[in-house]
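Worksheet: the structure to be examined is printed underneath.
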Amino acid sequence: TLKQTPTRPVTSLDRITRLVANRWRVRPEALASKSRSRNITEARHVAMYVVRELLGTPLQQIGQIYGGRDHSTVLYSIRKVASRLGDDTDFRNRVEDVMSELTGDSERAFHH
């Protein structure tokens with residue numbers, strides 16, 4: 001089997017944004033908006049988390065992509081998602097589904 005080289009990301013920013021938006025039933029553009037509606041905020045946080053996990057994109061750059069947010073806001077969002085993954089099974093399942101779809105790895109599990 002061909003091993004994936006770490007230099008080639010398994011997915012793209014665009015794909016992450018579209019998939020997360022789709023799963024949270026919001027428009028992809030909404031993730032970069034200033035909207036603070038609960039659903040959009042949650043989707044935006046998840047997208048930031050997934051981008052960071054899968055692509056290792058710098059916080060500053062993630063903030064720019066999602067509505068020109070400050071890197072500290074991005075860090076807060078990522079930490080918020082990470083802590084919810086520990087407490088909220090439904091939420092964790094949703095995020096894991098997104099991750100496994102993006103990585104093509106159906107057996108993916110979070111390692112805390």
For H45, does its backbone N or O pair with a side-chain atom of K80 as donor and acceptor, under 3.5 Å?
no
With rounding to the nearest 0.5 angstrom, report the CD to CG distance, E53 to L102.
12.0 Å
Rounded distance (nearest 0.5 Å) linking atom CG of L13 with atom OH of Y66:
5.5 Å
Please report the closest heavy-atom contact between R92 and G86, naming both atoms and the distance.
NH1-O, 4.2 Å
Quick one: closest heavy-atom pair of T17 and P28, and the distance?
CG2-O, 3.9 Å
CH2 of W24 to CG of L31, rounded to nearest 0.5 Å, is 10.5 Å
Can you measure from CG (L54) to CZ (R15) and round to the nearest 0.5 angstrom?
10.0 Å
Judged by atom type as modelled, is there a donor-acceptor pair below 3.5 Å linking the side chain of N39 to the main-chain atoms of V26?
no
Give the C-alpha distance, both sets of side-chain angles, the deciding distance and a yes or no for side chain to side chain contact (heavy atoms under 4.5 Å, CB included) between T11 and L55.
CA-CA 8 Å; T11 189; L55 303 179; 4.3 Å; yes
V50 side chain reached by L19 side chain, heavy atoms, under 4.5 Å:
no
Donor-acceptor contact present, side-chain R94 to main-chain F91, <3.5 Å:
no
CD of E96 to OG1 of T89: how many Å apart, nearest 0.5 Å?
10.0 Å
How close do A30 and R44 get, counting heavy atoms only, and between which atoms?
O-NH2, 3.5 Å
Run the salt bridge (Lys or Arg N to Asp or Glu O under 4.0 Å) check on E42 and R84 step by step: do they pass?
CA-CA 11 Å; E42 183 176 294; R84 254 189 92 185; 2.8 Å; yes
Regarding D70 and S72, do their side chains bring together a donor and an acceptor under 3.5 Å, going by distance alone?
yes
When you measure from the side chain of T73 to the backbone of R69, do you find a donor-acceptor pair of N or O atoms at a distance under 3.5 Å?
no
Indicate every side-chain donor-acceptor pair of residues 57-65 with a distance under 3.5 Å to a residue at least two apart or in another chain.
none

Hey, does R27 have a side-chain heavy atom less than 4.5 Å from the side chain of S33?
no
Nearest 0.5 Å, please: how far is CD1 in I78 from OG in S83?
12.5 Å
